[in-house]
Amino acid sequence: MAADTQLSRTVAEKFVERLGRQDPEGIQELFAEEIDWYVPGSDALPWTGRRTRREEVAPYFTTMWPHFVHGRSKVVLERVIVDGGDVVLSAVWTHTVLATGKEFTTPAVIHLMVEDNRIVRMHLYEDTLTVDEAFHAG
C-alpha cells in the first residue's frame, strides 16, 4: 500500500504542477483512456458536467480558462491527503469572470483516484452557486 500511496502522490503533484502552468495537454497525459470525471454546475457553463474519455480533459481547461481574467486568478492549495490510490486536494481559489468583472472565491476539493500510475477519476466539489452567480452578475 505504501508504494501505491507514493505513486498516487507523485501523479497528484504532476497534476497540480501542470495545472499551475495551465498546461492542458500535460494534464490530459496524466489520465487513463477511460475516466470518471465530474464537475457539477450550471448547464450554462459549458465546461461543467461529466466526461468519460482522456481526450475530453484538455478541452475542459481550454474551454474554461478563457472565461477568467488572465493573471487575476489565485489558487491556494491547503492540503493534500493520499491514501493508496485516493488523493484529495483541498484548495481555495479566486477568479475574476471576464464577461461580468465579478470576482469570486470558493473553497474546493478535488478527489482524484489513481490506478496504474494514471488518474481514472476526478470529481470536483466547489460552491457552484457562487460560481454561477459570478457568471450571471448584473
Side-chain angles (χ1 to χ4, degrees):
M1 173 122 71
D4 289 345
T5 295
Q6 187 54 48
L7 286 173
S8 298
R9 181 177 296 280
T10 299
V11 171
E13 288 170 352
K14 289 178 184 177
F15 176 81
V16 169
E17 185 268 329
R18 294 173 187 186
L19 193 59
R21 282 190 293 143
Q22 290 195 346
D23 176 7
E25 296 298 327
I27 295 167
Q28 182 169 284
E29 290 173 359
L30 299 172
F31 283 79
E33 190 60 38
E34 294 183 10
I35 60 173
D36 173 13
W37 171 294
Y38 182 57
V39 174
S42 168
D43 290 340
L45 303 178
W47 58 87
T48 62
R50 296 197 177 274
R51 289 170 170 65
T52 59
R53 310 287 304 158
R54 176 190 307 152
E55 62 267 14
E56 296 172 296
V57 172
Y60 166 83
F61 295 104
T62 58
T63 300
M64 178 183 65
W65 284 333
H67 289 273
F68 300 124
V69 176
H70 183 72
R72 297 269 312 269
S73 293
K74 179 181 176 188
V75 176
V76 177
L77 182 62
E78 295 183 331
R79 187 166 306 240
V80 178
I81 302 167
V82 185
D83 182 15
D86 287 299
V87 179
V88 176
L89 306 169
S90 174
V92 174
W93 48 64
T94 301
H95 297 292
T96 302
V97 177
L98 185 62
T100 64
K102 174 85 171 159
E103 180 181 273
F104 68 93
T105 299
T106 179
V109 172
I110 298 174
H111 179 198
L112 303 175
M113 183 170 288
V114 178
E115 292 178 2
D116 297 324
N117 216 25
R118 295 274 184 215
I119 300 170
V120 297
R121 180 179 192 222
M122 197 291 304
H123 285 200
L124 171 67
Y125 306 94
E126 66 180 346
D127 183 349
T128 56
L129 178 60
T130 294
V131 175
D132 189 58
E133 287 174 345
F135 275 87
H136 299 98

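Atoms considered below: every heavy atom in the structure, side chains included; atoms not considered: hydrogens, waters and symmetry mates. Residue numbers count from 1 along this sequence.
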Legend entry - Within-4.5 Å side-chain heavy-atom neighbours: Y125 and H111: yes
Legend entry - Heavy-atom side-chain proximity of W65 to W47 below 4.5 angstrom: no
Legend entry - Audit row: E103, T96, side-chain contact (heavy atoms from CB on, under 4.5 Å) steps and yes/no: CA-CA 4 Å; E103 180 181 273; T96 302; 3.8 Å; yes
Inset, instruction - Indicate, with yes or no, if V69 and V97 share a hydrophobic cluster defined by side-chain heavy-atom contacts under 4.5 Å among Ile, Leu, Val, Met, Phe, Trp and Tyr. - result: no
Legend entry - Point-to-point distance, once rounded to the nearest 0.5 Å, from CG of D132 to CG of D43: 10.0 Å
Legend entry - Whether over 12 other heavy atoms sit under 6.0 Å from E56 CD: yes
Inset, instruction - Answer with yes or no whether the hydrophobic clustering places V88 together with L30; edges join I, L, V, M, F, W, Y residues whose side-chain heavy atoms lie under 4.5 Å apart. - result: no
Inset, instruction - Please list, chain by chain and in numerical order, all residues satisfying salt bridge (Lys or Arg N to Asp or Glu O under 4.0 Å) with E33, sequence neighbours excluded. - result: R53, R54
Legend entry - Approximate separation, where rounding is to 0.5 Å, of L112 CG and F31 CZ: 6.5 Å
Inset, instruction - Could you grab the distance from atom CD1 of I27 to atom CD of E17, nearest 0.5 Å is fine? - result: 9.5 Å
Inset, instruction - To the nearest 0.5 angstrom, please state how far the CE atom of M64 sits from the CD atom of Q22. - result: 8.0 Å
Legend entry - Path from I110 to I81 over hydrophobic side-chain contacts below 4.5 Å: no
Legend entry - Hphob cluster co-occupancy, M113 + V57, side-chain heavy atoms under 4.5 angstrom: no
Inset, instruction - Drop me the distance from L45's CG to H136's NE2, to the nearest 0.5 angstrom. - result: 6.0 Å
Legend entry - Minimal non-hydrogen separation, T94 against T105, with atom names: OG1-OG1, 2.8 Å
Inset, instruction - Take the angle between the ring planes of H123 and Y38 and call it parallel below 30°, perpendicular above 60°, tilted in between. - result: perpendicular
Legend entry - Listed partners of V39 passing side-chain contact (heavy atoms from CB on, under 4.5 Å), at least two apart: W37, T48, Y60, M122, L124
Inset, instruction - Please confirm whether the backbone N or O of E78 pairs with a side-chain atom of S90, one donor and one acceptor, at under 3.5 Å? - result: no
Legend entry - With sequence neighbours excluded, residues passing side chain to side chain donor-acceptor pair (under 3.5 Å) with T128: none
Inset, instruction - Report yes if some heavy atom in the side chain of V87 is under 4.5 Å from a heavy atom in the side chain of V80; otherwise report no. - result: yes
Legend entry - Check: F15 and L89 side chains under 4.5 Å, non-hydrogen atoms: yes
Legend entry - Reported CG-to-OG1 distance for the pair L129 and T106, which is rounded to 0.5 angstrom: 10.0 Å
Inset, instruction - Could you list the residues that satisfy salt bridge (Lys or Arg N to Asp or Glu O under 4.0 Å) with R50, not counting sequence neighbours? - result: D36
Legend entry - Check: D86 main-chain N/O paired with S8 side-chain donor or acceptor under 3.5 Å: no
Inset, instruction - Flag yes if more than 12 heavy atoms outside R79 fall under 6.0 Å of its CZ atom; otherwise flag no. - result: no
Legend entry - Worked verdict on V114 versus L7 for side-chain contact (heavy atoms from CB on, under 4.5 Å): CA-CA 8 Å; V114 178; L7 286 173; 5.8 Å; no
Legend entry - Pairing residues for E126 by the side chain to side chain donor-acceptor pair (under 3.5 Å) criterion, not counting sequence neighbours: W93
Legend entry - Counterpart residues, salt bridge (Lys or Arg N to Asp or Glu O under 4.0 Å), relative to E13 (two or more places apart): none
Legend entry - Heavy-atom check, side chain of F61 versus side chain of D23, under 4.5 Å: no
